[in-house]
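To start, the structure itself, in structure tokens.
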Amino acid sequence: MSEEASPQTGTEAKPRHFTPNVQLSAYGRLTRNPETKTSERGHPYTRARIACNVTPAKREGEQQTWFVDVVAFRNQAAALAKCKKGESVNVLGTLNMEERTSNGRTYQNFTVTADGVMAAATTRRTE
């Protein structure tokens with residue numbers, strides 16, 4: 001869905017938020033160190049971004065990278081805060097999408113509200 005400028009004012013429309021009931025499991029690498037903050041009500045939460053490599057259907061060998069924002073609360077916030085940039089993580093949670101228009105272009109931002117966060121163990125195979 002595209003947001004258009006208001007014909008009366010010429011200003012850009014406000015962002016639209018979509019909250020589907022979609023559970024998502026994502027695996028990716030942290031693009032930066034997670035940031036822990038405190039909400040207005042005094043509750044800690046952690047934000048991070050992961051880069052997920054995906055292979056588009058019918059395009060073998062070709063990969064794209066999707067960037068997914070993650071927000072975690074309570075115990076999941078503590079688990080995510082222990083991870084570092086470049087580490088692989090598995091995230092399970094509810095997918096949310098925000099769509100906004102800026103300079104005539106529509107942008108979509110995906111955020112996962114984490115129900116589960118797990119640092120992925122990396123093992124080396126030796127022969």
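Counting from 1, the numbers follow the sequence of the chain as shown. Please read these numbers as outputs of a predicted model, since none were measured by experiment.
Residue V112 is tested with V22, V71, V68 for a side chain to side chain contact (heavy atoms under 4.5 Å, CB included); the sole match is V68. Of the candidates L80, V89, V70, P34 forms a side chain to side chain contact (heavy atoms under 4.5 Å, CB included) with just one, namely L80.
Applying the side-chain hydrogen bond (donor to acceptor under 3.5 Å, both in side chains) rule to T113 yields the partners N96; only residues at least two apart in sequence or on another chain are considered. Every residue was checked against the side-chain hydrogen bond (donor to acceptor under 3.5 Å, both in side chains) condition with T31, not counting sequence neighbours, and none meets it.
Heavy atoms only, all atoms of each residue included: R29 and S88 are closest at NH1-OG, 3.3 Å. Closest heavy-atom contact between S102 and R100: CB-NH1, 3.7 Å.
Applying the salt bridge (Lys or Arg N to Asp or Glu O under 4.0 Å) rule to pairs touching residues 71-80 yields nothing, sequence neighbours excluded. Residue pairs that meet the salt bridge (Lys or Arg N to Asp or Glu O under 4.0 Å) test with at least one member in residues 30-43, sequence neighbours left out, are E35-K37.
Cluster partners of V54, by chain and number: W66. The rule joins Ile, Leu, Val, Met, Phe, Trp and Tyr whenever side-chain heavy atoms lie under 4.5 Å apart.
Put simply, NZ on K85 and CG on N33 are 8.0 Å apart, with the number rounded to the nearest 0.5 Å. Interatomic distance, C52 SG to Q63 CD, rounded to the nearest 0.5 Å: 11.5 Å. To the nearest 0.5 angstrom, L24 atom CG is 9.5 Å from T94 atom OG1.
L30 and L92 end up in different hydrophobic clusters when Ile, Leu, Val, Met, Phe, Trp and Tyr side chains are linked at under 4.5 Å.
Checking side-chain atoms of N90 against main-chain N and O of Y27 turns up no donor-acceptor pair under 3.5 Å.
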Indicate every side-chain donor-acceptor pair of residues 43-51 with a distance under 3.5 Å to a residue at least two apart or in another chain.
{"residue": "T46", "atom": "OG1", "partner": "T36", "partner atom": "OG1", "Å": "3.1"}
{"residue": "T46", "atom": "OG1", "partner": "A77", "partner atom": "O", "Å": "3.0"}
{"residue": "R49", "atom": "NE", "partner": "D69", "partner atom": "OD1", "Å": "2.7"}
{"residue": "R49", "atom": "NH2", "partner": "D69", "partner atom": "OD1", "Å": "3.1"}
{"residue": "R49", "atom": "NH2", "partner": "D69", "partner atom": "OD2", "Å": "3.3"}

